[in-house]
Amino acid sequence: MTDTTILVRKPKLDFSQSIDRFYLGDNAVKTHIFNALNLLFPDGERFFVKSVHDHTKQLSDPQLVRDARAFAGQEGQHAHQHERFFENLAQQGYSFERLLDRFQRLARWSKNVPRSIRLAITAGAEHYTATMAAGLLESGILDECHPTMRDLMTWHALEEIEHKHVAYDVLVACYPKTSYPLRMIGFIAASVVIAGFTFAGLRMLLVQDGKRGRLTRAKFEADRKKLNEGRELRFRKKLRVALLKYLMPGFHPSQQDDREVLERFTPQVAQITGL
Ligand SMILES: [Fe+2]
Ligand SMILES: [Fe+2]
């Protein structure tokens, strides 16, 4: 357990049409990695909330029950705000219904999977979101982002760090004897789904840009090359190390010390959300 306060904030974000197509440093590849994740967040986060909610009656620790409620509040807001951005993507000429449909079918099918595994997938996926969030805020990658999208991602990232322990602690509280093998099954499944759908979404958006003359081969190559340089490369290297820590038997999300990043970005998020 950690003593981080989990605040449910409601940002006022203006997703007007002034958001550039390649809003992250005019880089098509980086922007579409974010867009691909953005498309997965609403249904993914509803899956997370349901997986944790399915276990709250089993919890005896009142603090963990409160954290689970706050977790649901935060994830519900994330899903809502990311879904609002879908309209911008559609107006920019992207079609993504097939990808969403495939993801939603997988989410519906997952109801056949034991709820213990769904919770383990959530705990694994939450390690991804918290790790990516901390890396994103620390790296400065968002410095060159359109202000609305920077606010969206800064707020979401901070809250992922705040609630990073919740699904994990619910998993360990509900399945203490089998938590390590269960945790590994969940992590592997989460890795396959996140990597598979993010890559599929990235490819889908880049292909659409290429076909409609919005992205030349030369720009694509130049943008892709930038992922292997500077802070992007450092971000990826750190991310890999931090993600693999989940495999350690004694791992707990609180072992990753994010206090500095929380302190640095909480005032910024207070300005975005009023809380
Ligand atoms: Fe979230
Ligand atoms: Fe989360």
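Whatever order the structure lists them in is the order used to number ligands and atoms, beginning at 1. Residue numbers run from 1 in the order of the sequence given.
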Does the distance from a Lys or Arg side-chain N to an Asp or Glu carboxylate O, for K219 and D26, drop under 4.0 Å?
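Yes, this pair counts.
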Sidechain N-carboxylate O distance under 4.0 Å for E260, R264
yes
Working to 10°, measure the angle at the Fe ion (ligand 2) formed by atom OE1 of E126 and atom NE2 of H163.
80°
Would you call the rings of H32 and Y94 parallel, tilted or perpendicular, taking 30° and 60° as the class edges?
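Perpendicular, since the angle between the ring planes exceeds 60°.
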Among pairs that include at least one residue of residues 101-123, which meet salt bridge (Lys or Arg N to Asp or Glu O under 4.0 Å), considering only residues two or more places apart or in two chains?
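Those involving residues 101-123 are D54-R118, D101-R105.
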Can you tell me if H163 and E160 form a side-chain donor-acceptor pair at under 3.5 Å?
yes
Are there any protein N/O/S atoms under 2.8 Å from the Fe ion (ligand 1), and if so, which?
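Less than 2.8 Å away from the Fe ion (ligand 1) sit E45 OE2, E75 OE1, H78 ND1, H156 NE2, E160 OE2.
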Non-hydrogen side-chain atoms of R9 and Q77 separated by less than 4.5 Å
no
